[in-house]
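These notes concern the structure reproduced below.
Reminder, nothing fancy here: chain letters follow the sequence lines and each chain counts from 1. This is a predicted model, so every value here is computed, not measured.
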Protein chains: 2
Amino acid sequence: MPPTSIRDVAKLAGVSVGTVSNVLNRPEGVSQDALTRVSHAIEQLGYVRNDAARQLRAGVSSSVGFVVLDGQNPFFNEVVRGAEDEASKHGIAILHGNTDEDAGREGMYLDLFEEQRVRGVLISPYGDIVRRLERLKARGIAAVLVDRFSGNGRFSSVSVDNVAGGRMAVEHLIETGRRRIAFVGGPFNLRQVSDRLAGARVAAESSGERVDIEVLPVEALTVDEGVVAGRRILDRPKRDRPDAIFAANDLIALGLLQALVVSRQVLIPDEIALLGFDDIPFAAAAAVPLSSMRQPSRVIGQTALRILLEETNDPELIPRQTVYLPELVVRQSTVKDAG
Amino acid sequence: MPPTSIRDVAKLAGVSVGTVSNVLNRPEGVSQDALTRVSHAIEQLGYVRNDAARQLRAGVSSSVGFVVLDGQNPFFNEVVRGAEDEASKHGIAILHGNTDEDAGREGMYLDLFEEQRVRGVLISPYGDIVRRLERLKARGIAAVLVDRFSGNGRFSSVSVDNVAGGRMAVEHLIETGRRRIAFVGGPFNLRQVSDRLAGARVAAESSGERVDIEVLPVEALTVDEGVVAGRRILDRPKRDRPDAIFAANDLIALGLLQALVVSRQVLIPDEIALLGFDDIPFAAAAAVPLSSMRQPSRVIGQTALRILLEETNDPELIPRQTVYLPELVVRQSTVKDAG
DNA sequence: AATCGGCCCTGAAACGATTCAGGCGCCTGT
DNA sequence: ACAGGCGCCTGAATCGTTTCAGGGCCGATT
């Protein structure tokens, strides 16, 4: 079965290839007669446009790449989902790449997407890739940073104010009477992590109370790393333990929770309060329902894609930083009788 | 900045375009001299192959579509991740589409992927799409069913034996002394769901005991639906409640758990044992660590992609059904003093 | 010395769409 | 009757790659 081309359609409809193309792309300038004849021919042959040829000639791609920091994190899945919904409205497909906090994979996917001449790239960056993105831009491939404020203002970004989020988080812990607060997170070259910590410090310093922030670094933002950190806390004598933990994200928090709850040595929130970040769907279903800083994840994805398309339509647009404020969701891991 | 083409490279290196193409695709048949000159030219110009042109002429696409049933389900994310790892080894990118159990979206993504002339499609089907896939096949686009046994043997598939899984699950519940078992799941046109139920019934009937299987249907395999079902169970007088629940997947199970635990009316596993399916990473971190039927999710994705590539290389290959056996993971939601 | 084969290279044709300059036919106004 | 304009269509050129028939060169064989 030879795949049918626009030429086959033209022959069957008794028109020229140009007319078929017009039917496909600018039907308003085609006569009723031609329009129906071509439509029938398309139907009859089961013709489907070859996007490679279209892209080659028209120079317009109908796919967008999304380089995701952590595919196992439900937060990012929500973001992707938001972008997908928006993309599908425009007949655009999303090329998907997981980096899992690995700069090598990040580069590989950018290479791949450059070969594909994607319309643009959404990326939650891990390494320092501004130069890489500059190069793509020079090639006409726009990029929008997701979940990360753009350092130098050369690219648009859609993110949450992580400093404010960290501040709000720790303010909540202080308000509920905590003074010895541990921040569990890492790696610190992730801007999200260091910003949240910075916010935490701001809250501690401006509280007017004596508040300690102790930093417990972990290797990655995963449940497993959270468990490891939890065990390390359990190893300490009771009096040396913090009275609250602010986890850099919910995966860490769930890991901590698991370690602490399983041990049966620690009461949450009585002895240690626990607060996460992202408010993933599983946070509410945890052993002790998890308080968390909610990010508007779907909206982030949707907005990022929308901005990307706007920029590819008009490359002269000035990059803009879109920042949402996270929202505190209080559950029983910080307040015993919370809803 | 005009994008550089293979012709620019050829000119700079002082060779013909054919030679450049050979360097790119069959370097073994090119002299050392030409090879280094071309490589330098590529480097210097920052040349990147245009995949659209390549695909147009060679007829070979370097992307694969993956139509996913439920992007919010960590199980599918693991499967995608497995496929991605395998794909990246072959320089192949994955086009991602979420259907969220919606036949319309499913069709839309298949259309999109057909326009792209993807190399093949991985799909965890929702609706009845065999005809659709037949058509793709006729066009030279192979398909592999994921997480779903192929009904008619016309396509390869990679899945888990859901009937056996359902049987093993209920056998475990019976062994631990349960007799009034509820199956919470739906919709039943999802083969995964009906197979798991069928397996549950087999176990009940062949147990030699008097075992009831009550079916509590839900609209979708989500945490929210699990919560709803949990509330419905709580509405009953205590004596009419089941003594074990087998949930069609872990999302449902986590929802049930959340509803039951929050109410503080039910002790798990004492009064009601709870068993899920998939063993997603969050199952272990739940309020009561969740027993579950583990699927080898990454391996499923990896295998599916591998089979897809084999079939696109040799379209004469006979479809084959790859089936893994799920594995029972016992935690405290079914056995009080489990690990 | 002539022939042959092997190795490499060349450059035009082809893939399937879009674009655009050009042309045809018809209506309108004077 | 004729110029001009409008609406619609045509078909060749083009995008950047791969492929492939053809050919040059050189050393080995007869």
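Using a cutoff of 4.0 Å between basic side-chain nitrogens and carboxylate oxygens, B:R135 and B:E114 are scored as salt-bridged. A salt bridge links A:D85 to B:R105: at least one charged side-chain nitrogen sits closer than 4.0 Å to a carboxylate oxygen. With salt bridges taken as basic N to acidic carboxylate O contacts below 4.0 Å, none links A:E134 and A:R131.
B:R119 and B:V60 make their closest contact through NH1-CG1, 4.0 Å (heavy atoms, listed as atom of the first residue, atom of the second, distance). Minimum interatomic distance between A:V146 and A:A304 (heavy atoms only, all atoms of both residues): CG2-CB, 3.9 Å.
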Every protein N/O within reach of nucleotides 16-20 of chain C N/O, cut-off under 3.5 Å:
| residue | atom | partner | partner atom | Å |
| --- | --- | --- | --- | --- |
| C:dA17 | OP1 | A:Y47 | OH | 2.7 |
| C:dA17 | OP1 | A:N50 | N | 3.4 |
| C:dA17 | OP2 | A:I6 | N | 2.2 |
| C:dA17 | O5' | A:Y47 | OH | 3.4 |
| C:dT18 | OP1 | A:N25 | OD1 | 3.4 |
| C:dT18 | OP1 | A:N25 | ND2 | 3.0 |
| C:dT18 | OP1 | A:R54 | NH1 | 2.9 |
| C:dT18 | OP2 | A:S21 | OG | 2.8 |
| C:dT18 | OP2 | A:N25 | ND2 | 3.3 |
| C:dT18 | O2 | A:R57 | NH1 | 3.1 |
| C:dT19 | OP2 | A:R26 | NH1 | 3.3 |

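Within the 3.5 Å criterion, the main-chain N or O of B:Q116 finds a donor-acceptor partner in the side chain of B:Q55.
From the 5' end on, the contacts that DNA chain D makes with chain B at under 4.0 Å to a non-hydrogen atom open and close at D:dG16 to D:dT19.
With contacts defined as side-chain heavy-atom distances shorter than 4.5 Å, the pair B:E86/B:L309 does not qualify.
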